[in-house]
Amino acid sequence: MTRRGAAAAVLLAAGLVLPAALAGCGPPGGRASAGPTVQGADAGTGTGAGTEKGAEAEREAAEATVPGKREGKGEGEGGEGGAGSGAGLPPVVDRVATRDKVVFLTYDDGAERDPRFIDLVRERRLPVSMFLTDSVVGPGYGHFARLRSVGASLQNHTLDHPALRGLPYAGQRAEICGQQRKLKSRFGIRPHLFRPPYGTYDATTLRAAADCGIAAVVLWRITLEGDGTLTYTRGAHRPAPGDIISVPAGETPPLTLAERTTRLLRVLEEQGLKVGRLEDHLR
């Protein structure tokens, strides 16, 4: 072989080897497993002050720091979505990509226990999601058992409602898995949805949530305020299909939970929207 031919052979071999080497240069873990396409609210503050690109970048950074496969079993959790399952991180959602003309009503903490709200859920057959905090609900779990009996779903909002971002893994896991166990012992269920208090989270939160069996971390695009008005984290200032609406608990709101929800339902009806079951769209 001539010197020129030998040089060409070396260059050809390098051209074949280099792409193969680059193909293995990604992060140790991939993005979240297939789920709804979501544009996020501001994950840093929970107020929606961030941008779509900023929230997406935060999620990508969080996911890239966590191996896609973790060894060992979770603390009594394990199973699907738990540690050692090889599952990816849960997606972080503030709305759901859907062609259905539905929005999703989510209620936080469990501080407001309006008996008329139970009647409203039953009469209107509302598939609402209640994100419960154990230290807030306290002795009021019977109220939520009644809500569950008329169609509401019960989901995880931590044991004690701390801002999770920046806390060590053990602390975040204790908050999330601890509430999983509470709800399991009281209702025989293990929620698949989790809302971080104040909407704040980090890569550690996603790791802990995955290890506790959480399938999706739920934020919101719209907030129903205590006086019945709607505020928006981003985008158009009107409800749209796929929006997740948060109803935070208030100490002394001017309107009861049933009154606020009734007003919201009128707005949704004017927009041609109905209430959908969030769990059905996040499976």
Calculate, to the nearest 0.5 Å, the distance between atoms [atom1] and [atom2] belonging to [X] and [Y] respectively.
X: R221; Y: D243; atom1: CZ; atom2: CG; result: 4.0 Å
X: R207; Y: I176; atom1: CZ; atom2: CD1; result: 11.5 Å
X: R277; Y: L126; atom1: CZ; atom2: CG; result: 10.0 Å
X: L193; Y: M130; atom1: CG; atom2: CE; result: 13.5 Å
X: L273; Y: D100; atom1: CG; atom2: CG; result: 11.0 Å
X: Y141; Y: K182; atom1: OH; atom2: NZ; result: 6.5 Å

Problem - Test log, rule side chain to side chain contact (heavy atoms under 4.5 Å, CB included), inputs D94 and I244 - result: CA-CA 6 Å; D94 70 351; I244 297 174; 5.5 Å; no
Least distance between heavy atoms, [X] atom then [Y] atom:
X: T223; Y: P248; value: CG2-CD, 3.7 Å
X: Q172; Y: L164; value: NE2-O, 3.0 Å
X: V136; Y: R113; value: O-NH1, 3.8 Å
X: D108; Y: H157; value: CB-NE2, 4.2 Å
X: G226; Y: R260; value: O-CD, 3.0 Å
X: P91; Y: A215; value: CD-O, 3.1 Å

Handout entry: Residue pairs, two or more places apart or on separate chains, that pass ring pair (Phe, Tyr, Trp, His ring centres under 6.0 Å) and touch residues 97-123
Key =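 Sorted result for residues 97-123: F104-H281, Y107-F117.
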So, do [X] and [Y] sit near enough that their side-chain heavy atoms are less than 4.5 Å apart?
X: P162; Y: Y198; answer: no
X: V121; Y: T261; answer: no
X: T133; Y: P197; answer: no
X: L154; Y: P191; answer: no
X: L219; Y: P196; answer: yes

Any donor-acceptor pair under 3.5 Å from [X] side chain to [Y] backbone:
X: E175; Y: L159; answer: yes
X: T106; Y: I245; answer: yes
X: D202; Y: T204; answer: yes

Problem - Stepwise side chain to side chain contact (heavy atoms under 4.5 Å, CB included) test for D114 and E259 - result: CA-CA 10 Å; D114 180 1; E259 290 170 339; over 6 Å; no
Practice task
Using the rule that two of Ile, Leu, Val, Met, Phe, Trp, Tyr join whenever any of their side-chain heavy atoms come within less than 4.5 Å, decide whether L255 and V267 are in one cluster.
Solution key: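 No, no single cluster joins them.
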Problem - side chain to side chain donor-acceptor pair (under 3.5 Å) contacts touching residues 263-274 (sequence neighbours left out) - result: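 Pairs touching residues 263-274 that pass the test: R124-E269.
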Exercise for the section: Using a strict 4.0 Å threshold on nitrogen-to-oxygen distance, state whether R122 and D119 make a salt bridge. Expected result: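 A salt bridge is present here (some side-chain N lies under 4.0 Å from a carboxylate O).
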Practice task
List the steps, then state whether side chain to side chain contact (heavy atoms under 4.5 Å, CB included) holds for L206 with V92.
Solution key: CA-CA 9 Å; L206 301 184; V92 181; 3.8 Å; yes
Handout entry: Reference residue Q155; test side chain to side chain donor-acceptor pair (under 3.5 Å); the match among H192, R195, E279
Key =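 Exactly one candidate clears the test, E279.
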